[in-house]
Amino acid sequence: MKYRKLGNSELHISEISLGSWGICEGVEQQNAEACIYKAFDLGINFIDTSNSYAAGGAESFLGEVLQGIERSSYILATKVFFPTSPTDQGLSAAQIRKQIDASLHRLCTDYVDLYQCHRYDPNTPLEETMTALTEVVRQGKARYIGFSEWSPEQIQSAFNLADVERFVSSQPQYSMLWRTPEAEVFPLCAANGVGQIVWSPLAQGVLAGKYQPGQVPPQNSRAANEKMNWFLLEELFSDRILTAVQTLKPIAQDLGLSMPQLALAWVLRSEYVSSAIIGASRPEQIVDNAAASGIQLDADVLAAIDRALVSVVGK
(Lines give C-alpha, C1' and ligand atoms only; values in the text may rest on other atoms or scores of the structure.)
Protein backbone atom coordinates (compact mmCIF):
# COMPACT_ATOMS: atom_id res chain seq x y z
CA MET A 1 0.00 0.00 0.00
CA LYS A 2 1.26 3.47 -0.94
CA TYR A 3 0.56 6.57 1.13
CA ARG A 4 0.10 10.23 0.25
CA LYS A 5 0.20 13.41 2.29
CA LEU A 6 -3.22 15.00 2.77
CA GLY A 7 -2.97 18.66 1.82
CA ASN A 8 -1.11 20.82 4.33
CA SER A 9 -1.82 18.39 7.16
CA GLU A 10 0.59 16.00 8.84
CA LEU A 11 -1.62 13.07 7.83
CA HIS A 12 -0.22 10.45 5.47
CA ILE A 13 -3.18 8.41 4.28
CA SER A 14 -3.40 5.22 2.25
CA GLU A 15 -4.09 5.66 -1.47
CA ILE A 16 -7.09 3.37 -1.00
CA SER A 17 -9.36 4.19 1.93
CA LEU A 18 -12.43 2.46 3.32
CA GLY A 19 -15.84 4.11 3.43
CA SER A 20 -18.74 3.05 5.62
CA TRP A 21 -21.81 4.41 3.85
CA GLY A 22 -23.26 0.95 3.21
CA ILE A 23 -21.67 -0.78 6.17
CA CYS A 24 -24.95 -1.02 8.09
CA GLU A 25 -27.20 -1.29 5.06
CA GLY A 26 -27.45 -4.73 3.52
CA VAL A 27 -24.10 -6.04 4.79
CA GLU A 28 -24.07 -8.72 7.47
CA GLN A 29 -22.15 -7.65 10.57
CA GLN A 30 -19.71 -10.55 10.32
CA ASN A 31 -18.82 -9.55 6.76
CA ALA A 32 -18.62 -5.88 7.71
CA GLU A 33 -16.19 -6.66 10.53
CA ALA A 34 -14.12 -8.87 8.24
CA CYS A 35 -13.89 -5.99 5.76
CA ILE A 36 -12.48 -3.67 8.43
CA TYR A 37 -9.86 -6.19 9.56
CA LYS A 38 -8.87 -7.05 5.99
CA ALA A 39 -8.44 -3.36 5.19
CA PHE A 40 -6.00 -2.97 8.06
CA ASP A 41 -4.18 -6.16 7.04
CA LEU A 42 -3.62 -4.66 3.59
CA GLY A 43 -2.25 -1.37 4.91
CA ILE A 44 -5.36 0.77 4.57
CA ASN A 45 -5.12 3.28 7.41
CA PHE A 46 -7.91 5.73 6.57
CA ILE A 47 -11.56 5.07 7.51
CA ASP A 48 -14.29 7.50 6.43
CA THR A 49 -17.78 7.70 7.92
CA SER A 50 -20.54 10.20 8.75
CA ASN A 51 -22.98 10.91 11.55
CA SER A 52 -25.80 10.41 9.04
CA TYR A 53 -24.87 6.96 7.74
CA ALA A 54 -27.53 4.55 9.02
CA ALA A 55 -28.64 7.37 11.35
CA GLY A 56 -25.45 7.07 13.37
CA GLY A 57 -25.30 3.30 13.07
CA ALA A 58 -22.13 3.32 10.98
CA GLU A 59 -20.28 5.35 13.62
CA SER A 60 -21.54 3.05 16.39
CA PHE A 61 -20.44 -0.01 14.44
CA LEU A 62 -16.98 1.42 13.90
CA GLY A 63 -16.75 2.40 17.55
CA GLU A 64 -17.28 -1.23 18.53
CA VAL A 65 -15.00 -2.80 15.92
CA LEU A 66 -12.13 -0.37 16.42
CA GLN A 67 -12.03 -0.77 20.20
CA GLY A 68 -9.31 -3.41 20.10
CA ILE A 69 -7.11 -1.54 17.61
CA GLU A 70 -4.42 0.95 18.65
CA ARG A 71 -5.95 4.39 18.03
CA SER A 72 -2.75 5.91 16.66
CA SER A 73 -2.50 3.20 13.99
CA TYR A 74 -5.40 4.47 11.88
CA ILE A 75 -6.83 7.77 10.66
CA LEU A 76 -10.52 8.32 11.33
CA ALA A 77 -12.75 10.80 9.55
CA THR A 78 -16.42 11.64 9.99
CA LYS A 79 -18.80 14.25 8.65
CA VAL A 80 -21.65 16.57 9.68
CA PHE A 81 -24.54 18.23 7.83
CA PHE A 82 -27.28 15.80 6.84
CA PRO A 83 -30.23 15.19 9.21
CA THR A 84 -29.78 12.80 12.12
CA SER A 85 -33.28 13.67 13.35
CA PRO A 86 -36.06 16.00 12.13
CA THR A 87 -34.53 18.90 14.07
CA ASP A 88 -30.81 18.08 13.83
CA GLN A 89 -29.14 19.09 10.60
CA GLY A 90 -26.97 21.76 9.04
CA LEU A 91 -23.76 23.51 10.01
CA SER A 92 -24.83 25.99 12.67
CA ALA A 93 -22.51 26.43 15.64
CA ALA A 94 -25.04 24.70 17.88
CA GLN A 95 -25.29 21.70 15.54
CA ILE A 96 -21.55 21.33 15.10
CA ARG A 97 -21.01 21.40 18.87
CA LYS A 98 -23.78 18.87 19.42
CA GLN A 99 -22.89 16.54 16.55
CA ILE A 100 -19.14 16.34 17.19
CA ASP A 101 -19.81 15.18 20.75
CA ALA A 102 -22.40 12.66 19.57
CA SER A 103 -20.01 11.33 16.90
CA LEU A 104 -17.16 10.95 19.37
CA HIS A 105 -19.45 9.09 21.76
CA ARG A 106 -20.58 6.65 19.07
CA LEU A 107 -17.04 6.20 17.76
CA CYS A 108 -15.73 5.56 21.30
CA THR A 109 -12.84 7.98 20.83
CA ASP A 110 -11.69 11.33 22.20
CA TYR A 111 -10.97 12.79 18.78
CA VAL A 112 -11.31 12.31 15.04
CA ASP A 113 -8.43 13.02 12.73
CA LEU A 114 -10.62 14.76 10.17
CA TYR A 115 -14.01 16.45 10.66
CA GLN A 116 -15.75 17.28 7.39
CA CYS A 117 -18.70 19.40 6.30
CA HIS A 118 -20.77 16.84 4.38
CA ARG A 119 -22.26 19.63 2.23
CA TYR A 120 -22.42 23.43 2.29
CA ASP A 121 -25.11 24.96 4.49
CA PRO A 122 -26.72 27.96 2.74
CA ASN A 123 -28.86 28.64 5.81
CA THR A 124 -25.94 29.34 8.15
CA PRO A 125 -23.40 32.16 7.76
CA LEU A 126 -20.10 30.67 6.65
CA GLU A 127 -18.20 32.57 9.34
CA GLU A 128 -20.37 30.92 12.02
CA THR A 129 -19.62 27.46 10.59
CA MET A 130 -15.89 28.09 10.32
CA THR A 131 -15.69 29.57 13.81
CA ALA A 132 -17.43 26.51 15.25
CA LEU A 133 -15.13 24.16 13.34
CA THR A 134 -12.15 26.13 14.63
CA GLU A 135 -13.44 25.63 18.16
CA VAL A 136 -13.70 21.88 17.56
CA VAL A 137 -10.05 21.71 16.47
CA ARG A 138 -8.74 23.92 19.24
CA GLN A 139 -10.58 21.86 21.84
CA GLY A 140 -8.76 18.77 20.54
CA LYS A 141 -11.91 17.03 19.30
CA ALA A 142 -10.63 17.01 15.71
CA ARG A 143 -7.13 17.35 14.34
CA TYR A 144 -8.12 18.81 10.97
CA ILE A 145 -11.18 19.92 9.02
CA GLY A 146 -12.43 19.34 5.50
CA PHE A 147 -15.48 19.65 3.26
CA SER A 148 -17.38 17.61 0.71
CA GLU A 149 -19.00 18.77 -2.52
CA TRP A 150 -18.54 22.52 -2.11
CA SER A 151 -18.54 24.76 -5.17
CA PRO A 152 -15.42 26.74 -6.10
CA GLU A 153 -17.12 29.92 -4.90
CA GLN A 154 -17.97 28.40 -1.52
CA ILE A 155 -14.45 27.03 -1.13
CA GLN A 156 -12.87 30.39 -1.94
CA SER A 157 -15.15 32.14 0.53
CA ALA A 158 -13.82 29.89 3.28
CA PHE A 159 -10.23 30.59 2.21
CA ASN A 160 -10.94 34.32 2.46
CA LEU A 161 -11.84 34.19 6.17
CA ALA A 162 -9.19 35.16 8.70
CA ASP A 163 -8.50 33.74 12.16
CA VAL A 164 -10.10 30.36 11.49
CA GLU A 165 -8.69 26.86 11.02
CA ARG A 166 -7.81 26.05 7.42
CA PHE A 167 -9.34 23.19 5.49
CA VAL A 168 -6.92 20.40 4.52
CA SER A 169 -9.28 18.12 2.57
CA SER A 170 -11.98 18.10 -0.08
CA GLN A 171 -14.22 15.08 -0.71
CA PRO A 172 -15.76 15.28 -4.19
CA GLN A 173 -17.30 12.64 -6.39
CA TYR A 174 -14.68 11.72 -8.98
CA SER A 175 -14.26 8.91 -11.49
CA MET A 176 -13.63 8.21 -15.16
CA LEU A 177 -17.31 9.00 -15.66
CA TRP A 178 -17.52 12.07 -13.39
CA ARG A 179 -14.67 14.50 -14.01
CA THR A 180 -16.26 17.81 -13.04
CA PRO A 181 -13.85 18.63 -10.14
CA GLU A 182 -10.85 18.63 -12.47
CA ALA A 183 -11.62 22.03 -14.00
CA GLU A 184 -11.80 24.28 -10.94
CA VAL A 185 -11.99 22.44 -7.62
CA PHE A 186 -8.72 20.51 -7.94
CA PRO A 187 -6.44 23.43 -8.86
CA LEU A 188 -8.11 25.84 -6.43
CA CYS A 189 -7.66 23.40 -3.58
CA ALA A 190 -4.07 22.57 -4.51
CA ALA A 191 -3.16 26.25 -4.46
CA ASN A 192 -4.47 26.44 -0.89
CA GLY A 193 -3.05 23.26 0.61
CA VAL A 194 -6.17 21.10 0.31
CA GLY A 195 -5.95 17.46 -0.82
CA GLN A 196 -8.67 15.39 -2.46
CA ILE A 197 -10.24 12.30 -0.90
CA VAL A 198 -12.57 11.18 -3.67
CA TRP A 199 -15.78 9.20 -3.32
CA SER A 200 -17.47 6.87 -5.82
CA PRO A 201 -14.29 6.23 -7.85
CA LEU A 202 -16.07 3.19 -9.33
CA ALA A 203 -19.09 5.34 -10.27
CA GLN A 204 -21.36 3.46 -7.86
CA GLY A 205 -20.09 0.13 -9.14
CA VAL A 206 -20.69 0.84 -12.82
CA LEU A 207 -16.95 0.89 -13.58
CA ALA A 208 -16.57 -2.58 -12.09
CA GLY A 209 -18.16 -3.75 -15.34
CA LYS A 210 -20.70 -6.04 -13.70
CA TYR A 211 -23.77 -4.21 -15.03
CA GLN A 212 -24.68 -5.19 -18.57
CA PRO A 213 -26.73 -2.95 -20.88
CA GLY A 214 -30.29 -4.16 -21.22
CA GLN A 215 -30.02 -6.63 -18.33
CA VAL A 216 -31.24 -6.55 -14.73
CA PRO A 217 -28.52 -6.00 -12.09
CA PRO A 218 -26.87 -9.10 -10.60
CA GLN A 219 -28.56 -10.29 -7.40
CA ASN A 220 -25.58 -9.56 -5.14
CA SER A 221 -24.96 -6.05 -6.49
CA ARG A 222 -25.70 -2.69 -4.87
CA ALA A 223 -28.17 -1.80 -7.60
CA ALA A 224 -30.22 -4.90 -6.72
CA ASN A 225 -30.18 -4.15 -2.97
CA GLU A 226 -33.25 -2.09 -2.04
CA LYS A 227 -31.59 -0.87 1.16
CA MET A 228 -28.66 0.62 -0.76
CA ASN A 229 -29.87 1.57 -4.23
CA TRP A 230 -31.88 4.66 -3.25
CA PHE A 231 -28.83 6.84 -3.83
CA LEU A 232 -27.84 5.42 -7.21
CA LEU A 233 -27.89 7.86 -10.11
CA GLU A 234 -30.13 6.54 -12.87
CA GLU A 235 -28.01 8.19 -15.58
CA LEU A 236 -25.04 6.01 -14.66
CA PHE A 237 -27.14 2.93 -15.39
CA SER A 238 -28.24 4.03 -18.84
CA ASP A 239 -27.50 1.64 -21.70
CA ARG A 240 -25.39 4.38 -23.29
CA ILE A 241 -22.97 4.49 -20.34
CA LEU A 242 -23.05 0.75 -19.63
CA THR A 243 -22.17 0.04 -23.26
CA ALA A 244 -19.24 2.46 -23.17
CA VAL A 245 -17.93 0.90 -19.95
CA GLN A 246 -17.87 -2.54 -21.56
CA THR A 247 -15.28 -1.21 -24.05
CA LEU A 248 -12.87 -0.73 -21.12
CA LYS A 249 -12.67 -4.47 -20.45
CA PRO A 250 -10.06 -5.25 -23.15
CA ILE A 251 -7.89 -2.41 -21.81
CA ALA A 252 -7.98 -3.86 -18.30
CA GLN A 253 -7.37 -7.39 -19.58
CA ASP A 254 -4.33 -6.34 -21.60
CA LEU A 255 -2.83 -4.82 -18.43
CA GLY A 256 -3.68 -7.85 -16.30
CA LEU A 257 -5.97 -5.71 -14.13
CA SER A 258 -9.51 -6.11 -12.89
CA MET A 259 -11.97 -3.42 -13.93
CA PRO A 260 -12.05 -1.90 -10.41
CA GLN A 261 -8.24 -1.78 -10.37
CA LEU A 262 -8.21 0.07 -13.69
CA ALA A 263 -10.79 2.60 -12.45
CA LEU A 264 -8.95 3.20 -9.18
CA ALA A 265 -5.55 3.50 -10.86
CA TRP A 266 -7.08 6.08 -13.21
CA VAL A 267 -8.29 8.18 -10.26
CA LEU A 268 -4.95 7.86 -8.46
CA ARG A 269 -3.05 9.00 -11.55
CA SER A 270 -3.97 12.55 -10.50
CA GLU A 271 -1.42 14.40 -8.41
CA TYR A 272 -4.33 16.17 -6.71
CA VAL A 273 -5.86 12.99 -5.30
CA SER A 274 -4.66 11.84 -1.88
CA SER A 275 -6.95 8.81 -1.58
CA ALA A 276 -9.87 7.02 -3.22
CA ILE A 277 -12.67 5.80 -0.96
CA ILE A 278 -13.95 2.31 -1.67
CA GLY A 279 -16.94 0.44 -0.28
CA ALA A 280 -17.12 -3.30 0.15
CA SER A 281 -19.48 -6.02 1.29
CA ARG A 282 -16.87 -8.81 1.18
CA PRO A 283 -13.18 -8.87 2.16
CA GLU A 284 -12.12 -10.16 -1.25
CA GLN A 285 -13.39 -6.93 -2.82
CA ILE A 286 -10.99 -5.01 -0.60
CA VAL A 287 -8.11 -7.27 -1.60
CA ASP A 288 -8.83 -6.58 -5.28
CA ASN A 289 -9.29 -2.83 -4.81
CA ALA A 290 -6.23 -2.36 -2.59
CA ALA A 291 -4.04 -3.87 -5.31
CA ALA A 292 -4.67 -0.72 -7.39
CA SER A 293 -2.33 1.23 -5.12
CA GLY A 294 0.93 1.96 -6.91
CA ILE A 295 -0.28 1.00 -10.40
CA GLN A 296 0.97 3.42 -13.05
CA LEU A 297 -1.02 3.94 -16.25
CA ASP A 298 1.03 5.23 -19.19
CA ALA A 299 -0.08 7.88 -21.64
CA ASP A 300 -1.21 5.35 -24.26
CA VAL A 301 -3.50 3.62 -21.77
CA LEU A 302 -4.98 6.91 -20.60
CA ALA A 303 -5.62 7.90 -24.21
CA ALA A 304 -7.31 4.55 -24.88
CA ILE A 305 -9.58 5.08 -21.86
CA ASP A 306 -10.56 8.51 -23.11
CA ARG A 307 -11.35 7.13 -26.56
CA ALA A 308 -13.50 4.41 -25.04
CA LEU A 309 -15.49 6.89 -23.00
CA VAL A 310 -15.52 9.85 -25.40
CA SER A 311 -19.25 9.51 -26.06
CA VAL A 312 -20.18 9.74 -22.37
CA VAL A 313 -17.64 12.13 -20.85
CA GLY A 314 -16.89 14.43 -23.77
CA LYS A 315 -13.17 13.69 -23.89
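Because only heavy atoms are used, hydrogens play no part in the values below, and waters and symmetry mates are left out as well, while side chains stay in.
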**Prompt:** Considering all heavy atoms of both residues, which atom of S274 and which atom of I13 are nearest to each other, and what is their separation?
**Reply:** CB-CD1, 4.0 Å
**Request:** State whether the side chain of N45 and the backbone N or O of S14 hold a donor-acceptor pair below 3.5 Å, judged by distance alone.
**Result:** yes
**Request:** Return the orientation label for the H118 and Y53 ring planes: parallel under 30°, perpendicular over 60°, tilted otherwise.
**Result:** perpendicular
**Asked** Counting distance only, does the side-chain N/O of T247 pair as donor-acceptor with the main-chain N or O of A244 below 3.5 Å?
**Response** yes
**Prompt:** Within the distance-only criterion (no hydrogens, no angle test), does the side chain of S293 pair as donor or acceptor with the backbone N or O of M1 below 3.5 angstrom?
**Reply:** no
**Item:** Pairwise side-chain contact, R106 with T78, heavy-atom cut-off 4.5 Å (strictly under)
**Value:** no
**Set of residues satisfying ring-ring contact (aromatic ring centres under 6.0 Å, His included) with respect to Y37, sequence neighbours excluded** = none
**Request:** Inspect the surroundings of CG in D163 and state if more than 12 heavy atoms from other residues, nucleotides or ligands are less than 6.0 Å away.
**Result:** no
**Request:** Flag the pair D110 / L104 as yes when at least one side-chain heavy-atom distance between them is below 4.5 Å, and no otherwise.
**Result:** no
**Asked** Is there a side-chain contact (heavy atoms from CB on, under 4.5 Å) between L18 and I278 once you walk through the steps?
**Response** CA-CA 5 Å; L18 184 62; I278 62 166; 4.3 Å; yes
**Prompt:** Do you see a donor-acceptor pair shorter than 3.5 Å between the side chains of K249 and Q246?
**Reply:** yes
**Message:** Within the 3.5 Å criterion, strictly below it, is a donor on Q261 or D288 matched to an acceptor on the partner's side chain?
**Reply:** yes
**Asked** Within a radius of less than 6.0 Å around CD of Q139, do more than 12 heavy atoms belonging to other residues, nucleotides or ligands occur?
**Response** yes
**Prompt:** Got a sec, which pairs hit ring-ring contact (aromatic ring centres under 6.0 Å, His included) with one end in residues 241-269, sequence neighbours left out?
**Reply:** Y174-W266
**Message:** Can you confirm whether N51 sits close enough to S103 that some side-chain heavy atom of one is under 4.5 Å from a side-chain heavy atom of the other?
**Reply:** yes
**Message:** Tell me whether the count of non-hydrogen atoms from other residues, nucleotides or ligands lying under 6.0 Å of CD in Q67 goes above 12.
**Reply:** yes
**Prompt:** Considering only heavy atoms from C-beta outward, does the side chain of L255 approach that of I295 to under 4.5 Å?
**Reply:** no
**Request:** Would you kindly confirm whether Y111 and F167 end up in one hydrophobic cluster when ILVMFWY residues are joined by side chain heavy atoms under 4.5 Å apart?
**Result:** no
**Message:** Tell me whether the rings of Y120 and W150 are parallel (<30°), tilted (30 to 60°) or perpendicular (>60°).
**Reply:** perpendicular
**Message:** Main chain of D300, side chain of D298: is a donor-acceptor contact present, judged purely on distance under 3.5 Å?
**Reply:** yes
**Message:** Is it true that D48 and Q116 share a donor-acceptor pair across their side chains at a distance under 3.5 Å?
**Reply:** yes
**Asked** Is any side-chain N of the basic residue among E165 and K141 closer than 4.0 Å to the acidic one's carboxylate O?
**Response** no
**Residue N160 excluded, over 12 heavy atoms near CG under 6.0 Å** = yes
**Asked** Does a side-chain heavy-atom distance below 4.5 Å link Q196 with V185?
**Response** yes
**Asked** Considering only heavy atoms from C-beta outward, does the side chain of S200 approach that of Q173 to under 4.5 Å?
**Response** yes
**L133 and L91, any side-chain heavy atoms less than 4.5 Å apart** = no
**Message:** Please determine whether the number of non-hydrogen atoms from other residues, nucleotides or ligands lying under 6.0 Å from atom NZ of K2 exceeds 12.
**Reply:** no
**Complete:** Closest non-hydrogen contact found for A263 with M176 is CA-CE, 3.6 Å
**Message:** Are R4 and L268 packed together at the side-chain level, in the sense that at least one heavy-atom pair is separated by less than 4.5 angstrom?
**Reply:** yes
